[in-house]
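What follows is one structure encoded as structure tokens, with my remarks underneath.
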Amino acid sequence: MPSNTNFLNKSIKRQLAISIGASLFLLLAICATFIYINVNKGLSKLSTDYLQRTAEFYSASTNAIITDEYNVCSTLKATMEQYESIPVSKRREFFDSILREVLEKNEEFVDTWCVWEPNALDGLDSQYVNAPHHDKSGRFIPYWTKSGNTIDCVALTDYEGGFWYKDPLTRGKGILIQPNLYEVGGQMMWVCGVAFPIHDKNGKPIGVVGLDMALDTLSNLLKSAEIYETGSLSLIAHSGLVAVDKDESNEGKIFDKFLTGNVSKKFDESKISLETISYSEKGVLHLFQPIKVETADEIWFVGLNVPEAEINSTEKKVGTVVISAFIIILIIMVTVAYVLIGRTTNEINKGVDAMKNIAQGDGDLTVRMHVKRRNELGDMYTYFNKTIEKIQNSISSVKDESDKMSKQGVVLADNMNDTAAAANEITANIESVNHQIIQQSSNVKDAKEALSSINKSVANLVDSIQSQSASVVESSSAVEEMVANIRSVTGILKKNGETIKKLEDSSESGKKNISNSVEATNKIEQQSKILLEASKVIQNIASQTNLLAMNAAIEAAHAGESGQGFSVVADEIRKLAEESNKQGKNITKNLKEVLSSISDVTKGSATLQQNFNEIYDLTQQVSQQEITIMNAMQEQSEGGDQILSAMKQINDITTSVKTGGDDMQASTATANKEMDNLTRLTEEITASMEEMSLGIENINNSINTVNDMTHKNTESINALSNVVGLFKV
């Protein structure tokens with residue numbers, strides 16, 4: 001507390017110098033800190049974005065190169081899966097040409113190969129035992145390699161135990177093969193491979209096709225990247241093998257952070273989430289961007305390695321510049337502020353002396369300040385002079401008016417007494433009117449409640465009329481629909497009558513036809529019996545003829561040679577008789593079957609004739625019933641028309657009643673609205689009268705208070721005259 005008091009007691013010059021200096025220092029320090037922090041944040045974000053974009057760019061470029069290899073191998077797989085469309089004898093030659101062509105058209109590819117399961121390609125493995133690029137199994141296993149412009153083919157070896165063959169068959173999809181050293185033209189180089197399973201039309205894996213690509217292009221791309229001063233890029237395969245690194249001694253080794261420690265967990269998580277990994281170690285920032293190639297399960301990583309000192313060097317330079325600028329600006333601003341404060345306080349002291357003379361001297365209101373400059377101090381002195389001038393004029397006026405007020409105070413006291421008496425009389429009248437208005441308000445409320453009850457009754461009546469009107473409309477519609485249905489049924493009955501008439505005629509005609517058929521069947525049955533008798537006669541004649549032929553043959557035998565011709569004739573007659581007897585038996589059998597069928601037809605015709613007689617009788621009955629229903633429906637139609645006419649009259653009457661109910665409801669609503677207005681006005685008048693009553697009471701109190709104050713004002717005016725006399729005007 002003493003320190004604050006001592007500070008407040010110091011001169012304005014010192015207070016301003018200390019306050020402004022401290023404020024400037026604090027403000028500049030805050031600004032410098034804010035600028036430094038935000039610039040550092042911005043630079044840090046720029047650095048992070050730059051590193052992230054760089055990692056993404058090179059990972060995308062790497063992905064594109066490997067994806068190109070992956071897609072070429074996928075195309076080879078799709079081509080080889082169409083093997084059945086190629087003639088059996090041409091399949092091996094065709095696929096050899098395809099593998100060779102891929103090497104010729106792609107400079108970065110160093111080999112292509114395929115392995116087919118035994119007899120899966122063409123079933124001709126036995127014909128290719130130990131043939132060129134075949135082994136003793138005869139399987140199609142070409143391995144095409146390229147060295148410069150030379151392309152050769154040999155038989156693939158060690159394929160049975162190779163993961164690059166087994167894994168695609170097992171997974172049923174393409175795989176990325178981790179980089180490995182490959183000898184080309186006597187020089188070792190790093191290559192990375194792709195392998196795809198070959199499926200038959202049923203989806204069964206029957207082989208594998210693959211190719212290898214040199215990493216020279218990819219290695220040159222990553223090693224030539226310039227990141228800050230000494231930053232570098234690296235490529236790590238899915239197994240942790242370092243394929244590309246600025247330090248070539250690391251290539252071919254397993255990245256130690258990939259398999260153990262906390263960083264290995266980040267790699268495992270990134271394989272699933274495909275998010276960027278970042279961590280710092282020994283002052284170096286490491287950033288790893290995952291690469292997902294098409295449908296392959298293997299995840300590779302492009303690593304970015306930059307010393308943190310190089311990343312933060314710009315931030316340190318900016319910090320030095322900001323601090324230097326802060327110190328220089330602070331010195332300049334404090335110096336300028338101190339000079340300006342000195343000049344200002346000198347001018348203020350002149351005004352202090354003038355005010356001190358008025359306050360502690362003889363109260364001379366004629367003193368004026370000399371204005372030298374048109375600045376804030378000049379304006380202050382100008383307004384100081386005008387203020388003193390106004391005070392001088394006011395004091396002079398107060399002296400004159402205080403005498404007048406003293407005289408008017410006496411007159412005002414007399415008038416206030418008369419005013420108090422009149423206000424009391426007004427109060428009594430207002431209380432009487434207020435009582436009458438309260439009574440009126442009560443009557444209006446009773447009338448409003450009665451009118452509200454009437455309004456509800458009218459509303460209920462209108463609702464009932466509306467319900468009745470809706471019911472009448474629905475009933476009218478139902479009656480109209482019923483009349484229409486009756487008319488429709490009448491029309492259908494008329495058509496049924498015509499149909500029944502036709503059925504009656506048809507039944508009668510059928511009855512006659514059945515009778516004729518029965519008569520014809522009876523005649524056929526009688527004639528068939530006659531034919532049966534004739535057939536028996538024929539059989540008898542044939543038997544007699546057969547006996548005569550036998551006798552003739554015997555007599556011819558007795559006659560010797562002279563009877564031989566007659567014997568031949570007798571033999572033919574005997575044969576004819578036997579044939580006639582045989583045919584007669586057949587005719588008899590057939591006639592019996594025909595007679596049996598005719599008997600069944602006769603019985604069925606009799607039954608059918610009886611059924612037709614019953615149908616004819618039923619048709620007559622239906623015709624009579626149809627006429628009866630027709631007459632009844634005509635009567636229903638006439639009655640429906642009468643009901644419909646009556647319903648229309650009821651609907652018209654209901655509509656008229658509804659209109660009257662709506663008018664009554666509207667009139668009641670209007671009366672209710674006017675009653676609400678009357679109630680509102682009554683309440684407003686009541687409230688106004690209450691306010692007037694309170695107001696007149698307040699007026700009475702005020703008048704009494706003013707009367708008391710009038711006497712006090714007289715005393716104050718006298719005291720004011722004495723005080724004003726102290727000033728020199």
Side-chain angles (χ1 to χ4, degrees), residues 43-69 108 176-182 187-192 213-271 274-293 298-317:
L43 291 173
S44 178
K45 187 176 185 305
L46 287 174
S47 299
T48 303
D49 292 344
Y50 165 73
L51 294 174
Q52 183 68 35
R53 286 196 300 271
T54 301
E56 290 175 355
F57 170 77
Y58 284 102
S59 65
S61 301
T62 303
N63 194 348
I65 293 172
I66 300 175
T67 299
D68 182 61
E69 178 190 15
E108 66 276 11
L176 292 179
I177 302 172
Q178 73 175 13
N180 57 87
L181 283 173
Y182 185 86
Q187 294 183 352
M188 301 300 293
M189 63 185 308
W190 284 98
V191 300
C192 64
M213 175 184 68
L215 285 178
D216 289 348
T217 302
L218 190 56
S219 179
N220 292 334
L221 173 68
L222 298 179
K223 289 181 180 179
S224 62
E226 295 182 359
I227 305 171
Y228 289 102
E229 296 178 5
T230 61
S232 63
L233 294 172
S234 59
L235 177 64
I236 299 177
H238 60 278
S239 62
L241 180 75
V242 179
V244 177
D245 194 81
K246 185 176 182 181
D247 186 357
E248 295 183 356
S249 63
N250 291 329
E251 294 179 348
K253 297 179 180 179
I254 299 297
F255 184 48
D256 56 351
K257 300 294 182 182
F258 195 86
L259 300 178
T260 59
N262 294 329
V263 178
S264 66
K265 296 180 181 178
K266 295 183 178 180
F267 278 105
D268 293 337
E269 293 172 355
S270 181
K271 289 179 181 179
L274 299 182
E275 294 181 355
T276 305
I277 303 170
S278 64
Y279 68 93
S280 297
E281 184 182 37
K282 297 179 180 179
V284 178
L285 175 64
H286 299 278
L287 202 69
F288 288 91
Q289 183 73 25
I291 299 175
K292 178 76 168 66
V293 178
E298 295 78 14
I299 306 297
W300 291 24
F301 293 89
V302 170
L304 186 148
N305 314 287
V306 184
E308 292 181 338
E310 295 179 9
I311 299 174
N312 299 328
S313 61
T314 304
E315 297 178 14
K316 292 181 179 178
K317 293 178 181 178

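Note: E56 CD to T276 OG1 = 6.0 Å, rounded to the nearest 0.5 Å. In this structure, OG on S219 lies 7.0 Å from CD on E248, to the nearest 0.5 angstrom. Remark: I291 CD1 to S59 OG distance equals 5.5 Å, nearest 0.5 Å. Put simply, CD on E69 and CD1 on I177 are 8.5 Å apart, with the number rounded to the nearest 0.5 Å. The line from CG of L304 to OG of S232 is 7.5 Å long, rounded to the nearest 0.5 Å. Here the CG-CE distance, from N180 to M188, works out to 8.5 Å after rounding to the nearest 0.5 Å.
Within a 6.0 Å sphere centred on CD of E281, other residues, nucleotides and ligands contribute more than 12 heavy atoms. A 6.0 Å sphere centred on CG of D247 holds more than 12 heavy atoms belonging to other residues, nucleotides or ligands.
The main-chain N or O of A64 is never found under 3.5 Å from a side-chain atom of D68 such that the two would form a donor-acceptor pair. Within the 3.5 Å criterion, the main-chain N or O of L285 finds no donor-acceptor partner in the side chain of E308. Within the 3.5 Å criterion, the main-chain N or O of T230 finds a donor-acceptor partner in the side chain of E310.
Taking the side chain as every heavy atom from C-beta outward, L221 and I65 approach each other to under 4.5 Å. For the pair Y228 and L51, the minimum side-chain heavy-atom distance is below 4.5 Å. Within the 4.5 Å cutoff, no side-chain heavy atoms of S264 are placed close to those of L259. Residues T62 and Q289 fail the side-chain proximity criterion, which asks for heavy atoms closer than 4.5 Å. Using a 4.5 Å heavy-atom threshold, the side chains of P179 and L241 count as touching. Under the 4.5 Å side-chain criterion, counting only non-hydrogen atoms from C-beta, I277 is in contact with F301. The shortest side-chain heavy-atom distance between S270 and I299 does not fall under the 4.5 Å cut-off. Taking 4.5 Å as the limit, some side-chain heavy atom of L287 sits within range of a side-chain heavy atom of Q52.
Taking the six-membered ring for Trp and the full ring otherwise, the centers of F288 and F255 sit less than 6.0 Å from each other.
Closest heavy-atom contact between E298 and L176: OE1-N, 3.1 Å. Contact detail for A214 and V191: the closest heavy-atom pair is CA-CG1, 3.9 Å. D245 approaches K223 most closely through the heavy-atom pair O-CE, 3.2 Å. Across all their heavy atoms, A225 and Y58 have their closest contact at CB-OH, 3.2 Å. E226 and Y50 get closest at one heavy-atom pair: O-OH, 3.5 Å. The shortest non-hydrogen separation linking N63 to K292 is ND2-O, 3.4 Å.
Under 3.5 Å, the side chains of T217 and E108 contain no donor-acceptor pair of N or O atoms.
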